[in-house]
Amino acid sequence: MVHWTAEEKAVINSVWQKVDVEQDGHEALTRLFIVYPWTQRYFSTFGDLSSPAAIAGNPKVHAHGKKILGAIDNAIHNLDDVKGTLHDLSEEHANELHVDPENFRRLGEVLIVVLGAKLGKAFSPQVQHVWEKFIAVLVDALSHSYH
Ligand code: HEM
């Protein structure tokens, strides 16, 4: 079981309060598709992803980014049981969507970049350190059904 100190929880929550699930989710998923283009292959139903402008302007990317950050929001509200909270999503990604779990790390990485760009100096090394732990817990929970 993951242990969180009161300080770690406070850091995660104070950053998350500044996040706009819709806008920042859109930015994170746009970044995922541009930085790691092979991740697009799972989203053949999304239509035009042929250029950075097409990706950024695609309404399905917008809607799906919000869904992803909505799930992360749920995990943050349940820090003491991230694994249980994301259990069904892990099953779905493993058994129905067949997403290579390495891609969860990539999503975590672009989220860190989005947070860093948004918070600037407030996203200090200490804050990043706590967020890297959260991302590791998130990736582990989503990867659970692959084990
Ligand atoms: C790491 C954080 C991630 C979270 C929290 C997350 C969350 C979600 C959520 C909430 C859904 C909607 C599930 C539903 O409505 O039943 C979803 C669907 C999906 N996810 Fe993820 N996801 C993540 C990463 C990824 C990655 C990295 C990929 C692939 C590269 C991926 C591929 C998909 C696909 C293909 C769908 C179905 C999309 C559709 O057809 O509407 N996910 N995900």
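Each ligand, and each atom within it, is numbered from 1 in the order the structure gives. Side chains included, hydrogens not; waters and symmetry mates left out as well; all remaining heavy atoms used.
In the candidate list Asp100, Leu142, Asp73, Leu142 is nearest to atom 3 (C) of ligand 1, counting heavy atoms. Nearest to atom 34 (C) of ligand 1 by heavy atom, out of Phe43, Phe104, Phe46, is Phe43. The residue among Glu109, His93, Lys67 with a heavy atom at the shortest distance from atom 43 (N) of ligand 1 is His93.
Of all protein heavy atoms, the one closest to atom 14 (C) of ligand 1 is Glu92 OE2, 3.6 Å. Scanning the protein for heavy atoms near atom 40 (O) of ligand 1, the closest one is Thr45 OG1, 4.1 Å. Closest protein heavy atom to atom 9 (C) of ligand 1: Leu89 CD2, 3.6 Å. The protein non-hydrogen atom at the shortest distance from atom 37 (C) of ligand 1 is Leu97 CD2, 3.6 Å. Taking atom 4 (C) of ligand 1 as the reference point, the nearest protein heavy-atom neighbour is Ile68 CG2, 3.7 Å.
The aromatic rings of His93 and Phe104 lie perpendicular to each other, with more than 60° between the two planes, well past the 30° mark.
With hydrogens and angles left out, the side-chain atoms of Asp73 and Trp16 include a donor and acceptor closer than 3.5 Å.
Considering Arg31, Glu109, Gln23, His26 as possible partners of Val114, the one that fulfils the side-chain contact (heavy atoms from CB on, under 4.5 Å) test is Arg31.
No side-chain donor-acceptor contact under 3.5 Å links Lys133 to the backbone of Trp4.
Using a non-hydrogen distance threshold of 4.0 Å, His64 registers as a contact of ligand 1.
Counting atoms of ligand 1 from 1 in the listed order, those under 4.0 Å from a heavy atom of Ala71 are 5 (C), 10 (C). Set against the non-hydrogen atoms of Val99, the atoms of ligand 1 under 4.0 Å away are 28 (C), 29 (C), 31 (C), 32 (C). Less than 4.0 angstrom separates some heavy atom of Tyr42 from each of these atoms of ligand 1: 29 (C), 30 (C), 35 (C).
Residue Asn103 places no N or O, backbone or side chain, under 3.5 Å from any N or O of ligand 1.
Annotation: His144, atom NE2; neighbour count of heavy atoms from other residues, nucleotides and ligands within 6.0 Å does not exceed 12.
In this structure, CG on Asp140 lies 10.5 Å from CG on Leu86, to the nearest 0.5 angstrom.
Residues Val113 and Ile34 do not share a hydrophobic cluster, clusters being chains of Ile/Leu/Val/Met/Phe/Trp/Tyr side chains in contact below 4.5 Å.
Here Arg106 does not pair with Asp100 in a salt bridge; the nearest charged N to carboxylate O distance is not below 4.0 Å.
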